[in-house]
Amino acid sequence: MDYKKYIKNQIDEFSAKGFKRTFTPVYRFKDTFPFTKIDFNNIEEEHHSTNTRIWCSNDYLNMSHNPEVIDRMIEVIKTVGTGSGGTRNISGSTPYHNQLEKDIANFHCRDKALIFSSAYIANQATLSTLCKRIENIKVFSDELNHASLIEGIKNSKADCSIFRHNDLDHLEKLLSECELDRPKIIVFESLYSMDGTKANVAEYVRLAKKYNALTYLDEVHAVGLYGKKGRGVAQECGVSDQIDIINGTLAKGFGQIGGYITGDEILIDFIKSFAPGFIFTTSMMPAIAAAASKSIEIVQTLDEERKLVFSKANFIKNQLKKVGIDFIDSDSHIIPVLAYDESKVKDYSNTLLNKHNTYLQPIFYPTVPKGSARLRITVTPKHSITDINDLISSLRMTWGKHLQRAVSSPLQPAMAL
Ligand SMILES: Cc1ncc(COP(=O)(O)O)c(C=O)c1O
């Protein structure tokens, strides 16, 4: 077999369909954000020219640039160095790791937590372990679930039924068709990042109780932003203590890297005991664990910043409506602006970057369904009123003749917060 030819064919086919992955190199300087430098030459100049505004960062609360978090990370690096030196059971558990797990459990008001190198690994490792080890378990999974959830379920080879996105009636129908005494688990997200849709978590809990199912909730895009002190949508719905396993990331609302699960002691100990993806890998850098703890402490105090994110997101949505640019409306902070066409979305993204110094990465199939290509806007506390007004006028000029309806009303000069 000609392996290289075989492999190259697959890449060529993928590229020919327009799915080739290219990445934009960004210097996300902490002192100038949202102004950044896009640098295809990878030259870090002493005097940075930062003329591009970034609108697609998942650092939702700017915590990756928080001075106290940065200081904490540097302090710990200077104390214990960079790497952890091992897996959790071979010298890679430090007081920073243990403290972070306590902080996460306290944050969600649950018994225990377990940290992983990312939320992707946390999902994959936990679900594959749980669904492999609970004999004959049947999985009920939302059709828009993230790749990490799907991979975890697939790896377990458990029987799985897919329910329509956020469709509780469909979920109930599928649950009712399954034998009552068969083990079951409902796998879903509280906030779907590609559409910005939120789940009615309390209703999932009600159904889980009725049909005696476990619940696995991915709160990756919600932690830090929703619920009291940013404790997530489950907390907002008053059922945080009734979800069997909550998954979250340290990378978005908390601005660091790493993922976790939290829940009752018995379930967390189960995953700790049996998940290969938890134990057979080097633990996260101690400094990251310490920085994440600091970030969790600070994020809980950021009520004003949370309010700002939502009021700015609402302002952007209203402006988009005024200029006639289609987007998926929801009560979340995520704004998917629809370009529909796969080739058009790339043109839009390139025009925004090259002509308007506005960076919004294109999202298209297979990440989202065909014909629903989009640009996904995420606003942070550091985006100003001027930034927002410039974004809207850049979008309007880029969409230009493609706009579905004529624009008659002028833009509001500034947002009211
Ligand atoms: C819903 C969902 N779950 C999990 C992940 C993985 O998170 P992490 O970046 O911490 O691996 C993502 C990543 O964006 C996600 O969107």
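One-based numbering, in listed order, for ligands and for the atoms of each.
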Do me a favour and list the nearest non-hydrogen protein atom to [atom] with residue, atom name and distance?
atom	result
atom 3 (N) of ligand 1	Asp218 OD2, 2.6 Å
atom 5 (C) of ligand 1	His146 CE1, 3.5 Å
atom 9 (O) of ligand 1	Lys252 NZ, 3.9 Å

Closest to atom 8 (P) of ligand 1 (judged by heavy-atom distance), picking from Ala119, Gly258, Ala147: Ala119
Is it the side chain, the backbone, both or neither of Ser148 that has a heavy atom closer than 4.0 Å to ligand 1? side chain
Check Asn123 against ligand 1 and report side chain, backbone, both or neither, counting heavy atoms closer than 4.0 Å. side chain
Residue pairs, two or more places apart or on separate chains, that pass ring pair (Phe, Tyr, Trp, His ring centres under 6.0 Å) and touch residues 134-168: His165-Tyr192
For a quick test of reading the model, state the closest non-hydrogen atom pair linking [X] to [Y] and the distance between them.
X	Y	result
Val379	Val309	CG1-O, 3.6 Å
Leu100	Ala292	CD1-CB, 3.8 Å
Leu217	Val201	CD2-CG1, 4.0 Å

Below 30° counts as parallel, above 60° as perpendicular, anything between as tilted: where do the rings of Tyr260 and His108 land? tilted
Tell me which one of Arg306, Glu236, His333 satisfies side chain to side chain donor-acceptor pair (under 3.5 Å) with Tyr226. His333
Numbered atoms of ligand 1 (with element) below 4.0 Å of Thr249, judged on heavy atoms: 8 (P), 10 (O)
Atoms of ligand 1 close to Glu189 [distance to a heavy atom under 4.0 angstrom, numbered from 1]: 1 (C)
Does Lys37 make a cation-pi contact with Tyr27, if we ask for NZ or CZ under 6.0 Å from the ring centre and within 45° of the axis? no
Does ligand 1 have any atom that is closer than 4.0 Å to a heavy atom of Gly259? no
